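Each remark here refers to the structure printed beneath this line.
Keep in mind that what you see is a predicted model, and the values were worked out from it rather than measured.
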Amino acid sequence: MNFAGLLKALGWLTISFLYAYIFGGRIPYFIFYTSLGVLAAAFLCSRVNSRVAGHCYTEAVTAQAGRKVKVIVEVKNNSGWPLPWVQYWIQMPGTFCLPDNLGCYTFSLGPHEKKVISEDLECKLRGNYTWGHGLIKTGDIFGIFTRAKQNGEHRQITVLPEVCDLGPDLGVVAGLQFGETAVSLHTSRSGTGYLGVRRYDAGDPMSRIHWKASARTQHLLVKEFQEQELMEFCIYLDLNEDNHAGSGPGGSLEKAVSLAASLAFMGMRSGYGVGLIAFGPERKVIPVGYGKGNFNLILKTLVDIQPGKGFNFGEVVGHELPLLRKNRCAMVITGRVDGRLAEGLAWLKARGQESSVFALKTETFGSTGVDTAEQAGNVSRLKITGIPVAWVAKDSDLRLTFRGLDYEIG
Amino acid sequence: MKSVKREQHALWLPLIILGYLETLRRASFYAFGWTGRGQALAIVSTIVIIQICIDYLSPSRFKKAAAVVTGLSYIGMVWVANRSISGERSVIGEFLFGLPNFNLGIITPFYYATFCFFVVFFYALLVFLLTAFILERKNVSEVFAAGTVLLLTEIIASDEGIMGYVFLNAVFAIVLLARLHLVQLQEDPRVRTARGTGINAGTWTGAALVLAVLIATTGALLPSGRPKADYASAGQNLVQQVMGGRAQINVKQSEGYYDVFWDKMQHFKFKGAAPVEDTPVMYVKSPRPGYWRGESADFYNGGGWEHTTTAKQVKGRDFDCPYAPKVQVDQIDQVFSLTSGMSSQVLFTSGSPACVEIAGAALSRDEGDNIYTTNTGPGISYKVISYIPEREPQKLKHTSQEYPVNIRSLYLQLPDNMPDRVRKLARQLTRDAHSPFDKTRAIENYLSGNYPYDLSVCPPPDGRDVVDYFLFDLKKGYCTYHSTAMVVMLRSVGIPARWVKGFTTGTENKETGVYQVDMSDAHAWVEVYFSDYGWLPFEPTSSFILPGRTPAENKPPVQEESPASAPAVPQVSPNQLLQDEGRGFPWGVVVTVLILAGTALAFYLRRIKNIFRFGSGDKIRDTYLSFLNLLAYKGYPKNASQTPMEYAGGLADKFPADFDDIMAITEAYMRDKYTGKSLSRSEVEEVRHIFRRLTDKLLGKSRD
């Protein structure tokens, strides 16, 4: 109950009563009776408006940044009186970036009416969020008396980073020539990939005979396999706060995380092995793995990572790169290409390992202290060594980047 | 979408604010006069409001200073201009007021154009600014505070006739409060707009309007106490003292009677039987018959009349027409010759004088339209050209009830101790009349039709109000009683009227066209003031017909009772009328409304009995509903499509340890609801015990 409103009402009632009592006459009493009537009606209306219950939830407990999720609010009026106004204040998850992280739905309810309101809200930030605590406010039609009731239970929602479809493969970014694939095939008598059947040659083992096909064709046929050398790469993600700019959904960090997730998704879909090392307050490592399970693991890790300070990304990566296995590529995502990083990557290239750099143009994210000359120098060095560098600006479309339309390469 | 809806909801605000302001404006005019001071107050209030709004919306020290200086200067000029010659509005005052009279009865094209300009430009600007101010402040407290102060001032300055405006103001204020609240609910930037959201602002504003009208109507009908202070009169005195324009009032307490020597009347007291004398008083040459007006009295003290206005010397002999331009006015010439031995300070006229020709005398005139002469020699003659207004009932029926302050202050006066039943009788007689003219005719016809003419009546007892005595006890009398009663009753219903005495037409000599007026022709009648018309005479005395009335106005002839015969009983007794009045507390209406409301409430309670669970005593159902609420709180609400058993079964894996309790509660509910047998008390208690145990357990657990 709004006690301030109650006190104001009582004050006005007292004044009008004294006016009527002291002066008498039709008009003073009219003012008193009318005030009494209005306040009584408002008070009764607010008292009976307390039987409202509601709760809210999302259509899914997992969403992805950049996509919409449906928020559903259900409110029921359990009384037989119509409610002129109901305000349902809900503590919303921070991913929606609403003012004060609060959403308010205002509506009227009829007697015993149940209202279901749904709204598609865009998830702008990744993370794990707890939300759902609510406050239902009702009152009289004049706004004199209001009542508020805590409502709702806590809900959870996980917003995964935005994943863009980068295309069928890494393309030229991975150092492959146009038309080349990342898969090299050698036919062999044994191998991981079934290639097909061929006619029996002398010396083929009996175990390789495809009896069914042979029976059908009345010729002896043997199975042939291929050995596949699939590509593996590891994503090195820079979480140094000093190397990033901006905040929230428009910041360079979110762009970097989205890029990492997109790379992992593309790798998973293409059958590549993907690993992740995120350099932040804690070093988070996901070993190179295959399949959807590994991808989900990477995503879950990317959900929670936060930037940190106190380390030099170039140095730590420089220490990590030599540990990379020979058949693996390195994909570095950073906001600052420093000399130490360039050295490490050059060393890797000398060893015959491919790598790519995705450099974030932090000045487009609002950074003002960028040493573009140093960066340019280091990028030139990488170009000379044949390491591709793709610039990612705030408004870069990652899909176009991988189509070769929006990047610079040495 | 959100801004469009907000604009739609705010659209009605200017209309409601216009209504609120309009009631205040009209109340101002009613309280302080339709022209002059009323307009001045309205203009000052408008300047203040505009200054506040502009200052808030676009603060500027210069603007604030300019508005304050303008307002104070205007107030000062109005005050100075009003303290002019009493009874006259100065030229400067006319210029400053400068607004047309809003009474539609006299609108000319020029006035109409000015009126439209004022309304469209000035008023619309005011409403627009005030709406923006209220929306920006998100609060009407300041507006309501100022409006309340203004309304209280107007209530003090007027009588209970302002009740209608107070009623409307209250209704508009309540509706404005509701509408603004509903608009502001959706103003917060955090309010989301989605399908299904939005308040039915139009419907609920309509509901607020209905509720406001009901509450205000009930408040107006409920009993109220008598006014404990005549602050209306005190307020008017204060206004007059501040604004000036009122002459010094000298009241002489000397008595005056009908006499051979016609002195200026100061006081008139009622007597018993009236003597009849046939002594000629004067001869009147006039082209048409008429009543020969002597002088009027304005102050009724309960026992008689007093003449309180002071005559001022007039320059020249010509007088302006006192009637409104729309009234067709004739002028007739009359010559009055007093008989030898008769002298008079009062000059008689047929109507309001246009010109007076009298030799060697100074003339003076007072606010009661009475003309006096210093030539009091016996047997004088003088010529008067009188204004004779048309009596057009259709025009008279369309006059308003707004009167100038000077008219109201003089001719609405009534003594404090006047018995209330006189007022009630007047209200009862005029309850079906809608215009002042109809009310006047109703009272006139009532008196002339129910109170026979009788010259031999007993004088009123000492201390007794004459009108009350005449109406409820005497029930017969002669002209002074009838005319006094009519004046008092008209004043009690808010119509200005004055008592006039003079002579009736007299005996006509058709050869010479001269009327011989005797002392027995002495008579008293009533003059009533109509807005935008002027003063018109009326004749409430039975058996008398006012010369010059239109056929439509003529009363049916009444048989005059001879003094010797017993007077007839009035056809309609005033006590009967009061009993039929029913103006006391409307118990019948209130009881009916209460019964209807109580029936509706009982129906609703019965219908929603299950929801409120009023005395349902269904503990098992209550327990099960509480059980559902508990599990919904824990995050496992029951779907509408699930049966109780399906729902319970689905909880098996979530609450394996408590599944037995869950099933026990569910099964008890199913048995109670679907089988014909109720559970025993012990079984009910057991189920409730199980539920309490489950509640303690679940609420102590953290959610997984």
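Rounding to the nearest 0.5 Å gives a distance of 9.5 Å between OH of Y105(A) and OG1 of T193(B). Taken to the nearest 0.5 Å, the OG atom of S35(A) stands 10.0 Å off from the CD1 atom of I215(B). Distance check, rounded to the nearest 0.5 Å: CG of L221(B) to CZ of F30(A) gives 10.0 Å. In this structure, CG on L152(B) lies 10.0 Å from CD1 on I27(A), to the nearest 0.5 angstrom.
In terms of non-hydrogen atom pairs under 4.5 Å with chain B, the most contact-rich of Y57(A), W89(A), F32(A) is W89(A). Between chain B and the residues V116(A), T34(A), I141(A), the largest count of heavy-atom pairs under 4.5 Å involves I141(A).
With a 4.5 Å cut-off on side-chain heavy atoms, L98(A) and R192(B) count as touching. Side-chain atoms of T106(A) and T197(B), non-hydrogen and from C-beta on, never get closer than 4.5 Å to each other.
Screening L182(B), L180(B), L177(B), L176(B) for a side chain to side chain contact (heavy atoms under 4.5 Å, CB included) with F142(A), the sole residue that qualifies is L177(B).
I117(A) and A194(B) get closest at one heavy-atom pair: CG2-CB, 3.9 Å.
There is no contact between A212(B) and chain A, counting heavy-atom distances below 4.5 Å. In this structure, chain B has a heavy atom under 4.5 Å from the side chain of D100(A), while its backbone stays farther away. Proximity to chain A (any heavy atom under 4.5 Å) is shown, for A220(B), by both the backbone and the side chain.
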